[in-house]
Amino acid sequence: MFHPAHDPHPDLKLVRAVLDGSPEATERFLLHMHALPRIAFSLNSRNGSILNDFELEDVVQNCLSSLWHQLARYEGRGPLDAWVLGICRNELRRASRTKTSIERQVVEPLLGALESYPAEQADPCVDFDETELLHQAMARLPAGRARLIRMKHYESMTLGQIASKLGLSLGTVKADYFKGLKQLRAMLAEPFDQAGPQAQESAS
Amino acid sequence: MNDYSNAGLDSPDLALPGGPHGPEHEEWLSSVLAAGRSASDAAVRGQLGRCAECAREFHALFSVTQRIDREALLEKEILAEAHSTLPGEASQFVLRQQGQVDRFVRERLAAKPRRESAWKRSFTLRVAAAAATVAVATWIVKRLVPAGSRADTRITLGPSHQAILSPKGDVLDWGSFVWDFKPSGTEWYTVRIESAVPGDGDGELLFESDELYVQAWQPSDEVIAKWPYAIRWSVSAHAANRGTLDTSPAVYVRLVSSAR
């Protein structure tokens, strides 16, 4: 089966330079990593601000640990910031779910009788499960095909531009894009893995 | 966004081939989806009415593309926010956490044995082989040439040591700028300050000092007031008759809050 050549994102070079110990690359890498707390903050806000500052701080620490362990596995399927976002989303989802679960099972029964118990939190604007399901599916696509779909939908490139960038015929890119969509459809119909991807690079 | 010209569609009104659903219908579907056409497009809707299998496939795959588009939009929004600043306490939280991120990454990198690239490994081996060859050749020459005829071949290393002492990394205030860097013949220094805020004039020159005759500089409050929270600074050594002698590597410094 044909897959278009994997054209990794330029951030892959940066990550490799960091792992090789380049001081200059480390400074540039840190600028990307500075986005992490802001991403955690934004995601939490969109999720109804379920986590307080202390819990969000734990999320950032867990993200860092996770990022560091997975850094050598970054494949350049997308920009580094998007990869950080994927890992942060997983950690935030896990922490939010744990907190919500504890509140439902322990706190609410205890406080349910009290009239002063606050009303439910604001509805989250982001459905983390739906988002995660899509990213899990994208991560299971062949790297080249995932990159192609990313270029079309995330980077707003036309198939003609993608074909030109990858040095492939338009027909080949179009056929592979179509196969990628079909694969995604099949994977999205599968039962959701509640544990989420542990070590794979998110499609982001 | 429609993409007719680049998706292999000669015309938006490309007709659905007749007969039962088969490879030609699949080709039609791939062209229509690649072009980003929706069922609200009258031409597409009309064609879908002629083949139930095409209609089912189209709606299922089109919903996948919409789902990806929603995710792409969300990602763009969050990443755009990621490099913007937040007001008040939220900003304090982000700044504190960025300080933690810096410490975490720098500590891990400092503790990590450096991985040499294949090129570097190859280069190192070649240098080692060349050094061994030179050593053997030197030994042979020493054995063959009488001791009295040897010239003094000692080499003195040049003033290549460069060090910026402070400030570096995360700091509570900028403090004094101090360096230990004096190439031979240095008469004065200049300090250069650049912005290091991503997406906000990163790399833009903020300040260049006048001639400094000691290895330290204290910027005035007026100068500091114009700086963002993150800068890169470097120092250059100069001599009147030789111009700029050398420049130190630029060092990243970030002002963090002392709260919490």
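Naming: A, B, ... by sequence-line order, numbering from 1 per chain.
Heavy atoms of B:S63 lying under 4.5 Å from chain A are absent altogether. Heavy atoms closer than 4.5 Å to chain B are found nowhere in A:I162, neither backbone nor side chain. In this structure, no portion of A:E155 lies under 4.5 Å from any heavy atom of chain B. Using a 4.5 Å cut-off between heavy atoms, B:L79 contacts chain A through its side chain alone, with no backbone atom that close. Residue B:A250: no heavy atom, backbone or side chain, is found under 4.5 Å from chain A.
Ring geometry, B:Y252 versus A:H34: the interplanar angle falls from 30° to 60°, so the pair is classed tilted.
Side-chain contact check for B:Q98 versus A:M33: every heavy-atom pair is 4.5 Å or farther apart. Using a 4.5 Å heavy-atom cutoff, the side chains of B:R67 and A:L188 are in contact. A 4.5 Å side-chain heavy-atom check between B:E26 and A:F178 finds at least one atom pair inside the cut-off. At least one side-chain heavy atom of B:K76 sits less than 4.5 Å from a side-chain heavy atom of A:S156. With contacts defined as side-chain heavy-atom distances shorter than 4.5 Å, the pair B:Q100/A:V60 does not qualify.
Nearest heavy-atom pair, A:L159 versus B:A34, reported as atom, atom and distance to 0.1 Å: CD1-CB, 3.2 Å. Shortest non-hydrogen contact noted between A:L30 and B:V105 is CD2-CB, 3.7 Å. In plain terms, the two heavy atoms of B:V64 and A:L181 that are nearest each other are CG1-CD2, 4.1 Å. Taking every heavy atom of both residues into account, B:I68 and A:Y154 meet most closely at CG2-CE1, 3.7 Å.
Residue B:E81 holds its CD atom at 5.5 Å from CZ of A:R38, rounded to the nearest 0.5 Å. To the nearest 0.5 Å, the span separating CD on B:E75 from OG1 on A:T131 amounts to 10.5 Å. Here the CZ atom belonging to B:R70 is positioned 12.5 Å from the NE2 atom belonging to A:H153, to the nearest 0.5 angstrom.
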Notebook entry, point to check: So B:E77 and A:R46, salt bridge (Lys or Arg N to Asp or Glu O under 4.0 Å) or not? Walk me through it.
Noted result: CA-CA 11 Å; B:E77 285 177 6; A:R46 287 161 194 269; 3.2 Å; yes

Check: Could you walk me through whether B:E71 and A:H135 pass the side chain to side chain donor-acceptor pair (under 3.5 Å) check?
Finding: CA-CA 9 Å; B:E71 273 307 306; A:H135 285 277; 3.2 Å; yes

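Atom CD of B:E53 has more than 12 neighbouring heavy atoms from other residues, nucleotides or ligands inside a 6.0 Å radius.
Heavy-atom pairs under 4.5 Å with chain B peak, among A:L67, A:L64, A:L184, A:L31, at A:L64.
The residues A:R185 and B:E57 are annotated as salt-bridged, a charged nitrogen and a carboxylate oxygen being separated by less than 4.0 angstrom.
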